[in-house]
Structures are given as C-alpha cells and as structure tokens.
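Heads up, the thing below is written out as structure tokens.
Both ligands and their constituent atoms are indexed starting at 1 by order of listing.
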Amino acid sequence: MTFKSFHPPVRTLMGPGPSDVNPRVLAAMSRPTIGHLDPVFVDMMDEMKGLLQYAFQTRNALTLPVSAPGSAGMETCFVNLVQPGDTVVVCANGVFGGRMKENVERCGATPVMVEDEWGKPVDPQKLEDALKAHPQASTVAFVHAETSTGACSDVKTLTDIAHRHGCLVIVDSVTGLGGVELRVDDWGVDAIYSGSQKCLSCTPGLSPVSFNEAAVERIKSRKHKVQSWFLDLSLVMGYWGGGTKRAYHHTAPINALYALHESLVVLQEEGLENAWARHRAQHEALKAGLDTMGLSMIVAPEHRLPQLNAVKVPAGVDEAAVRKLLLDEFNLEIGAGLGPLAGKVWRIGLMGYGANRKNVLFCLGALETALVAQGADIVPGRAVAAARAVYGA
Ligand SMILES: *Cc1c(COP(=O)(O)O)cnc(C)c1O
C-alpha cells in the first residue's frame, strides 16, 4: 500500500473551535525551523511574553504559552496551585466546569461543586454561599466563556467574592481571550489559561497561561512536588523565564510558536478593544439573520458570548442532517450540542479571524438552504438581507 500526501478540504470553521486560521498565521508556521535555544528564537519568546501580557491585560511576569492545547493549560493551573488535601470550589455551568472537577480530584483535593443550569452564567450568590459553608477552601475555579453553552460569567465579581474568602481563583478563558473583555490585572485574576485555536485565530496546540504574584507565592511554598513533571511550572520557568541562561526543559514547538506570535501581532495591530467590538458587531448581524428564521438563542441577551452562539434546533428539524448538509455542500462546519444540550442546539462560532461579514452572510445563506431542505417554513433570502441591514448595506 502506498500512501499519498494528505490534502484536507478548505472548510469554513464556524463551530466551537478550532476556528478559521488567519492565512498570515499559516504562512508564519511554514518559516524555517531553528533551534529552540537559538538566540533569535529566544528573542521571539521574549516578544511572545509581551504580546501575551497585552492580550491578557496583565503585567504578570509568569505569562507564557504551555506547549500543548487548552486542556494542558487547565491542568497546569490545577496541578501547580492545588495540593493534596485542599478544598476547591468549582463552579460548573457547562462541560468545562465538569473537567475542572476531574482535575481537582486527580490532584488529591476535594471539589465542592457550585452548579448552575447549562446556558446560565455562574451565580455569584451560590459561590458566596458555598464559600461560607466551606471556610477551609483555598481555591475557586470557574469558566469565563463557557463554549458548551455560549454563556459569559462575571469574572470580576466572582474573583472579588473568592478573594474576600481568602481563596485564589483559576479562570478558564480558552474561548474568552481575544473575543470578549478580559482584564487580568484590573480584575485581580490569580491564574488563567486560554487556547490558541479559538478567538486568537491560530492553529490548535498551545495554551497561553498567566499567574500573578499570589499564585507564584503559592507555587513556591508548596509542600508536595507537582505531580506532573512536564507541567511543573518551577521547571518550565527555567526555560521561559530564564533570560539569557535558559535551560533545556522540553523542545519547544518552534513553528507552532511562530504561528501564535503572528496571531498575537495581528491582535495587537487590530487593538484588543477593536477585536472585542468586532466580535460583538458580527454577533449582532448573525442574530438579526437568525431571528428572521425564527431561530432563538439559549442564553439571555445580557450573558451571551458573541463568539459562541448556541441556537435552539426548531421542532421537526433533524439537527445532524442540517450539519451534514452544511459540511457536504458548503464546506461549512458548525458545532453540535454537548451533554444535556445534545440534539437540542447548534453552536455557531464567530471566533477571531472567522468573526467577519463574509462568514456571517455565508452561514446564514447556508442555514436557509439547509432549513428549506428540512421542510421548514422560512422565506430564503430574508436572513441574509436582515444581516446586511445591520451592516448598513
Ligand atoms: C476548547 C476549550 C477547552 C479545551 O481546549 P483544548 O485546546 O481543546 O484542549 C477548555 N475550556 C474551554 C472553555 C474551551 O472552550
């Protein structure tokens, strides 16, 4: 059997991630590979730290991309900040809160769950009550932008509550970073992780993280060794924080880091506030089009993430058949529902480079076609026209 080169189709990625990658990022990735201790590469890494500090709006010295996907950023936060015997309050309002619980347990700690309905943000009052009931808690973990539902939680309010009870916070902003307002320093976030493939328009496989001084102090005063050698920040810091005397820890994913660097340069060129506003504007146009088809969102308007639109599947429509038609005929990927929302919603991503007018109009036109094929009672053309009206066209 002879194998041939792999040539993937060109898709439009409008699901929960990965999202459309900026062509500048793919081009950067194909630049020559150099050594990971090459002085030129080390300079690029120093720039990367500054670019990530800008994206996170932080001065935290310990800000770096973990050499693995968002899940590894999650694990980096938990294994470094949580020790056996700790109590960690985990807020769960979707898939990713459940994964945080798994992480806490694997650290030998006890999770205390604060549950909210899928599609709702984390309820600050429930967190307050849980912390009063569990004064021994050391850490609070929650998701900023829940990709499984499209709900945005109030990072500042939740962080303030955690701090009043003497806890550090771990925040998942894998889908938040670059897409909605996030101010790590102003909001007092202690530890945060993100991902390269959502609103940063980069390829998957890297996880930006940032830790403030309180978090670093906790890592330094640990009694137990971090259970993961690869993710132990006291070792990783020797490579990323070492200045001129960087020590070998692992071989950095050189070309993947070129890609992340380029995506962060693109973000800086646009300006963070402008990127947040663009996501919001594209969401408004998509929403106007969906309205004309009688499609509604599961999240209340004030808690909606512009970059992740969880849309209710109308009665009588085969949700999987719609996604199949979009993929087969339009090369368009949208996401399915997870957990309790499986079969009940589509998840339409407007992330990073993909949050643009062409994608919005294309997706609406394709959805109109797919719904007509399902026998839905809609007038084709109205959705696209409604979105164009939002753009002032
Ligand atoms: C995508 C995602 C993750 C996991 O990131 P991977 O890169 O898939 O490991 C974690 N949390 C949230 C909120 C996400 O959307």
Side-chain angles (χ1 to χ4, degrees), residues 13-21 25 52 55-56 64-79 90-104 106 116 118-122 141-155 158 169-182 184 189 191-210 228 230-231 253 256-257 259-260 263 279 299 303-310 333-339 341 345-352 354-355:
L13 301 179
M14 297 182 73
S19 58
D20 275 353
V21 176
V25 170
L52 282 177
F56 277 126
L64 57 98
V66 174
S67 301
S71 305
M74 177 186 281
E75 198 142 339
T76 300
C77 289
F78 284 92
V79 297
V90 175
C91 306
N93 59 338
V95 165
F96 294 99
R99 290 200 183 171
M100 288 175 150
K101 173 172 185 266
E102 275 287 322
N103 271 269
V104 171
R106 283 158 200 249
D116 275 290
W118 287 40
K120 297 255 163 67
V122 173
F142 59 88
V143 179
H144 174 206
E146 220 344 309
T147 324
S148 58
T149 68
C152 187
S153 289
D154 183 345
V155 174
L158 298 173
V169 295
I170 295 175
V171 179
D172 177 325
S173 195
V174 174
T175 284
L177 185 68
V180 277
E181 185 178 20
L182 171 63
V184 166
V189 171
I192 189 161
Y193 58 93
S194 188
S196 49
Q197 79 277 28
K198 313 242 170 149
C199 295
L200 296 182
S201 328
C202 186
T203 48
L206 290 171
S207 178
V209 297
S210 186
S228 163
F230 185 66
L231 300 176
L257 289 169
L260 182 61
S263 73
H279 283 86
V299 177
H303 302 303
R304 255 175 224 162
L305 289 167
Q307 65 270 49
L308 195 291
N309 299 273
E333 178 182 278
I334 66 168
L338 296 175
L341 298 177
V345 301
W346 294 298
R347 290 181 299 153
I348 303 178
L350 287 171
M351 297 185 182

Worksheet item: Near ligand 1, which protein residues have a heavy atom under 4.0 Å away?
Response: Pro69, Gly70, Ser71, Phe96, Ala145, Thr147, Asp172, Val174, Thr175, Gln197, Lys198
Table please: side-chain donor-acceptor pairs of residues 200-207 below 3.5 Å, with sequence neighbours left out.
unit_1	atom_1	unit_2	atom_2	d
Ser201	OG	Tyr353	N	2.7
Ser207	OG	Gly73	N	3.4
Ser207	OG	Ser194	O	2.7

Fill in: Inter- and intrachain pairs under side chain to side chain donor-acceptor pair (under 3.5 Å), touching residues 67-76, at least two apart
Ser67-His250
Practice prompt. For the pair Ser148 (side chain) and Val95 (backbone), establish whether a donor and an acceptor sit closer than 3.5 Å, ignoring hydrogens and angles.
Written response: yes
Fill in: Results of salt bridge (Lys or Arg N to Asp or Glu O under 4.0 Å) for Asp20 - residues two or more places apart only
none
Worksheet, complete the sentence: Interatomic distance, NZ@Lys120 vs CD@Glu146, rounded to 0.5 Å, equals 14.5 Å
Fill in: Approximate separation, where rounding is to 0.5 Å, of Met74 CE and Met100 CE
5.5 Å
